[in-house]
Visitor: 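Here it is, the structure in full.
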Amino acid sequence: MAVLPAATFLLVAYLVRPTGAAVAPVRLALTRSAIVVGGAAVVLVEALSAMHALTAPALAAGWSVAVAAALTGAIFRYRREARDGHPVGPRSLGARLTRAWTQTSRIDRLIVLVLAVEIAAELVIALVSPPNNFDSQTYHLPKIEHWVVQRDVGFYPTSIDRQLAMAPGAEYLLLHLRLLTGGDTLYNLVQFAAGVGCALVASRIAAQLGGSSRAQLLAAAVVSTTPMVVLESTSTQTDLVVAAWVAALATLVLDGLDRRAATGTVTLLGTVTLLGAATGLTVLTKATGMLAAAPLLLLWLVAQVRRGALRALGAGLVVGALALVVAGPYLSRTYAEYGSPLGPAGQRDMISMQRHDPPAVLVNALRLAQSALQTPAGSANRAEAAAIGRLSRAVGLDPNDRRITFWGSTFPITTWMPDEDKAALPVQGALILLGAGLLLVRPRRWAPADRSAAARWYAAAFWVALLLYVSTVKWQPWGNRLLLFLVVLGAPLAGLWLAAALSAAPAPAPATATVSRAPVRRIGAWAAAAALVAGCCAGWLAVGYGWPRRLVGHDSVFTVSDMQARFQRRPQWRGDYEWVAAAVRAAGAHRVGLVQGYDTWEYPWWLLLRGDDIVSLRSLQAGIPPARPDSVDAIVCVSTSHLCRRYVPAGWTIRMRDGIGYALPAEPRRA
């Protein structure tokens with residue numbers, strides 16, 4: 001059944017291929033298809049949920065209809081093009097790829113092979129390893145199980161309100177796999193596909209800015225070798241998914257800046273439809289994505305105003321309306337429950353800055369930079385952190401002020417190791433920042449003259465997104481993964497200047513120059529080459545020895561059992577979880593009440609007690625009461641003994657050890 005969405009994606013990609021002149025038409029078709037299919041997947045979930053019919057048969061029927069419709073459209077298009085003498089099929093696509101490969105230089109072929117092998121290794125890890133990152137155990141994946149049980153995506157009682165208030169766009173996509181396959185075996189493929197998509201779209205953006213084939217390849221390389229991208233490509237986090245939607249929005253915006261692209265590839269209605277869907281998918285997946293989407297959409301609207309104010313107004317309204325079609329149902333549920341579409345106030349305050357004055361923004365930006373660009377040089381890292389602390393106190397600010405620091409966290413921390421929650425990106429980050437600066441200041445030096453203006457505006461949008469991020473999002477220990485949408489946006493700018501720096505034929509110096517620049521250019525070329533090699537090594541290190549999923553060495557994905565892999569982050573918890581689950585299963589319980597804290601792991605219970613109905617006995621939602629303790633057959637508790645006993649009915653037997661336990665009635669309930 002999982003083949004149905006994949007087949008729909010490929011057929012839609014063929015169907016929405018550009019008809020006129022377009023930059024990188026295949027990559028554009030794949031981008032359009034991802035937006036169309038992603039938007040359709042979300043709308044299908046919301047529609048079935050509204051009818052309380054979110055089941056495997058209903059989803060399978062929906063995807064069957066989608067495949068049939070896409071296949072019919074693709075057949076009609078192929079026949080029409082065949083009549084015109086320009087049929088496009090797998091054979092012509094293969095010929096195009098073969099021709100491109102033969103025209104590629106040896107160095108570029110080597111880069112392609114290195115990236116292909118790395119991505120293949122990531123695919124192996126994604127398929128072999130079960131989902132095991134911390135956040136997925138707490139709130140990303142448990143919400144999917146609740147949706148499956150209640151057959152809709154409505155809110156439910158829980159003591160982990162992140163299951164409800166955190167944007168569910170990526171989980172909607174996982175829900176399709178859960179219902180179509182019956183499990184989580186293919187879950188990691190959503191982020192893997194998003195990572196590949198990010199690299200492809202980044203390369204297309206480089207082409208839109210006038211980059212050569214090498215610049216496009218280098219843009220993809222910067223994305224693909226970033227350690228955090230490598231690590232998240234095999235997980236069920238959501239940062240790559242939102243980065244992919246932001247990148248898709250960016251490439252469509254750049255098409256809208258070019259009159260030729262706007263008229264030659266798709267109508268205005270088609271453009272605003274895709275932009276609206278991409279915006280809605282961004283909002284629905286992660287709120288931070290809008291920090292980049294907002295300046296990009298503003299850039300697009302300005303371009304439309306130049307062609308007519310009414311045109312811009314109408315287009316903007318359509319984009320907003322379509323975004324609401326995709327994200328509106330979720331936002332309305334969140335607003336109804338918490339009084340804000342961004343969720344409860346406590347959750348917002350944990351992540352968003354409460355101070356926005358220049359000293360606070362400066363200190364926050366410096367801490368974010370220190371964590372993102374950290375290297376294995378411990379003495380340098382300590383010196384940087386100490387300098388930031390002195391500067392912070394000099395401007396009258398505590399470097400760990402709660403108003404600019406995630407609750408319970410203390411700066412600095414070690415981030416250079418390949419850990420999916422914290423991995424730094426010193427090489428790729430430096431390349432991106434340098435490229436964004438160069439393209440903003442001297443775009444004609446690094447981009448063709450006819451695209452230099454677009455390159456400068458794009459670089460400006462990147463810097464605005466970065467400024468919005470450091471002004472609104474607190475420093476936090478795992479903040480590096482939140483930067484991935486900025487990495488994907490900035491990679492094309494890095495690709496442009498890297499390609500120019502590596503060029504063997506530097507541009508001639510002005511006639512007034514008295515000193516040759518050749519030595520400087522050679523030094524720059526060698527430095528760029530060294531940075532690329534270092535970046536590739538960092539990427540491969542993350543593939544081989546990343547945590548908690550590594551290809552080789554101790555605890556490789558090939559040497560650990562499924563359940564051992566799932567508890568890789570907290571191996572000491574596994575025995576207690578299995579002890580409780582065994583006791584509950586032996587008692588014949590079918591409806592299990594859950595008492596847990598705000599940051600505990602709920603997802604393992606859905607695996608260890610597969611087939612049982614698990615309900616929360618605690619609720620942080622004022623309008624959604626929890627289940628009553630006397631309505632369940634057993635109680636599972638992950639909290640203090642004192643708290644657990646408050647929920648255990650009189651006469652029940654309770655067993656606790658190390659903050660985890662269970663309670664059962666003295667006599668088993670009759671079926």
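All values below come from the heavy atoms of this structure, side chains included, with hydrogens, waters and symmetry mates left out.
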Visitor: Charged N to carboxylate O below 4.0 Å: is that the case for Arg333 and Glu337?
Guide: no
Visitor: Less than 4.5 Å apart, any side-chain heavy atom of Asp135 and any of Trp478?
Guide: no
Visitor: So Leu274 and Val36, do their side chains get closer than 4.5 Å, heavy atoms only?
Guide: yes
Visitor: Might you point out which heavy atoms bring Ser129 and Asn188 nearest each other, and give the distance in Å?
Guide: O-ND2, 2.8 Å
Visitor: Side chains of Val592 and Val632: closer than 4.5 Å at any heavy-atom pair?
Guide: no
Visitor: Without hydrogens or angle criteria, can the side chains of Asp633 and His590 be said to hold a donor-acceptor pair below 3.5 Å?
Guide: no
Visitor: Please round to the nearest 0.5 Å and tell me the distance separating atom OG of Ser49 and atom CG of Leu54.
Guide: 6.0 Å
Visitor: Do Tyr662 and Trp579 have ring centroids that are under 6.0 Å from one another?
Guide: yes
Visitor: For Thr158, does its backbone N or O pair with a side-chain atom of Gln621 as donor and acceptor, under 3.5 Å?
Guide: yes
Visitor: Using only atom types and a distance under 3.5 Å, with no angle test, would you say the side chain of Ser616 pairs donor to acceptor with the backbone of Ser619?
Guide: no
Visitor: Is the number of heavy atoms from other residues, nucleotides or ligands under 6.0 Å of Met1 CE greater than 12?
Guide: no
Visitor: What's the verdict on side-chain contact (heavy atoms from CB on, under 4.5 Å) for Leu71 and Ile75, showing C-alpha distance, side-chain angles and the deciding distance?
Guide: CA-CA 6 Å; Leu71 179 60; Ile75 290 174; 4.0 Å; yes
Visitor: Test your reading of the model: is there a side-chain donor-acceptor pair from His176 to the backbone of Pro5, 3.5 Å cut-off?
Guide: no
Visitor: Nearest 0.5 Å please: distance from the CZ atom of Arg151 over to the NE2 atom of His52.
Guide: 4.5 Å
Visitor: Mind listing the closest non-hydrogen atom pair of Val230 and Ala542 along with its distance?
Guide: CG1-CB, 3.8 Å
Visitor: Got a second to check how far Leu30's CG is from Arg27's CZ, nearest 0.5 Å?
Guide: 9.5 Å
Visitor: Side-chain contact test, heavy atoms from C-beta onward, threshold under 4.5 Å: evaluate it for Arg570 versus Phe134 and give yes or no.
Guide: yes
Visitor: Looking at Leu594, Val584, Leu617, which hits side-chain contact (heavy atoms from CB on, under 4.5 Å) with Ile635?
Guide: Leu617
Visitor: Take Tyr603 and Asp184, measure what side chain to side chain donor-acceptor pair (under 3.5 Å) needs, and give me the verdict at the end.
Guide: CA-CA 11 Å; Tyr603 187 59; Asp184 61 11; 2.6 Å; yes
Visitor: Does the side chain of Thr234 come under 3.5 Å of the side chain of Arg549 through a donor N or O and an acceptor N or O?
Guide: yes
Visitor: Measure the CG-CD distance between Leu127 and Glu122 for me, rounded to the nearest 0.5 Å.
Guide: 12.0 Å
Visitor: Is there a donor-acceptor contact under 3.5 Å from the side chain of Gln137 to the main chain of Arg566?
Guide: yes
Visitor: Hydrogens and angles aside, do Gln596 and Glu602 bring a side-chain donor and acceptor to less than 3.5 Å of each other?
Guide: yes
Visitor: Assess whether side-chain contact (heavy atoms from CB on, under 4.5 Å) is satisfied between Leu489 and Leu296, documenting all intermediate values.
Guide: CA-CA 10 Å; Leu489 275 187; Leu296 288 169; 4.2 Å; yes
Visitor: So which heavy atom on Arg17 is nearest to which on Arg32, and how close?
Guide: C-NH1, 3.9 Å
Visitor: On a heavy-atom basis, which atom in Ser136 and which in Pro142 lie closest, and how many Å separate them?
Guide: O-CD, 3.2 Å
Visitor: Please lay out, stage by stage, how Lys286 and Leu482 fare under the test side-chain contact (heavy atoms from CB on, under 4.5 Å).
Guide: CA-CA 10 Å; Lys286 206 157 198 149; Leu482 302 181; 3.8 Å; yes
Visitor: With a 4.5 Å heavy-atom cut-off, do Leu275 and Val318 have their side chains touching?
Guide: no
Visitor: Assess the residue pair Val595 and Arg618 against the criterion (side-chain contact (heavy atoms from CB on, under 4.5 Å)); give the C-alpha distance rounded to whole Å, side-chain angles, the decisive distance to 0.1 Å, and a yes or no.
Guide: CA-CA 6 Å; Val595 179; Arg618 305 180 68 200; 3.8 Å; yes
Visitor: Check whether any side-chain heavy atom of Leu174 lies under 4.5 Å from a side-chain heavy atom of His140, and answer yes or no.
Guide: no
Visitor: Is there a donor-acceptor pair under 3.5 Å between the side chain of Tyr156 and the backbone N or O of Gln150?
Guide: no
Visitor: If we only count heavy atoms from C-beta on, is the Gln347 to Met166 side-chain gap below 4.5 Å?
Guide: yes
Visitor: Look only at the side chain of Thr282 and the backbone of Gly289, and say whether a donor-acceptor pair between them is shorter than 3.5 Å.
Guide: no
Visitor: Taking atom CZ of Phe76 as the centre, does the number of heavy atoms from other residues, nucleotides or ligands within less than 6.0 Å exceed 12?
Guide: no
Visitor: Does a salt bridge link Glu145 with Arg610, judged by any charged N lying under 4.0 Å from a carboxylate O?
Guide: yes
Visitor: Between atom CG of Leu331 and atom CG of Leu284, what is the distance when rounded to the nearest 0.5 Å?
Guide: 7.5 Å
Visitor: Show the nearest heavy-atom pair for residues Asn133 and Thr236, with the distance to one decimal.
Guide: OD1-OG1, 3.1 Å
Visitor: Any salt bridge between Arg550 and Asp555, counting N to O under 4.0 Å?
Guide: no
Visitor: Do Pro168 and Tyr330 come close enough that some side-chain heavy atom pair is under 4.5 Å?
Guide: yes
Visitor: Within a reach of under 6.0 Å around OH of Tyr335, are more than 12 heavy atoms found that belong to other residues, nucleotides or ligands?
Guide: no
Visitor: Scan side-chain atoms only and decide if Glu232 and Gln191 contain a donor-acceptor pair under the 3.5 Å cut-off.
Guide: yes
Visitor: Looking only at atom types and distance, does a side-chain atom of Ser64 sit under 3.5 Å from a main-chain N or O of Ala60, one as donor and one as acceptor?
Guide: yes
Visitor: Give a yes or no on whether a salt bridge exists between Asp255 and Arg204, defined as a side-chain N under 4.0 angstrom from a carboxylate O.
Guide: yes
Visitor: To the nearest 0.5 angstrom, please state how far the CG atom of Asn132 sits from the CD atom of Gln568.
Guide: 6.5 Å
Visitor: Between Arg585 and Leu608 (side chain of the first, backbone of the second, donor and acceptor by atom type, cut-off under 3.5 Å), is there such a pair?
Guide: yes
Visitor: For the side chain of Arg162 and the backbone of Tyr598, is there at least one donor-acceptor N/O pair under 3.5 Å apart?
Guide: yes
Visitor: Where the side chain of Thr138 meets the backbone of Trp601, is there a donor-acceptor pair that is under 3.5 Å apart?
Guide: no
Visitor: What are the two closest non-hydrogen atoms of Pro344 and Asp161, and how far apart are they?
Guide: CG-OD2, 3.6 Å
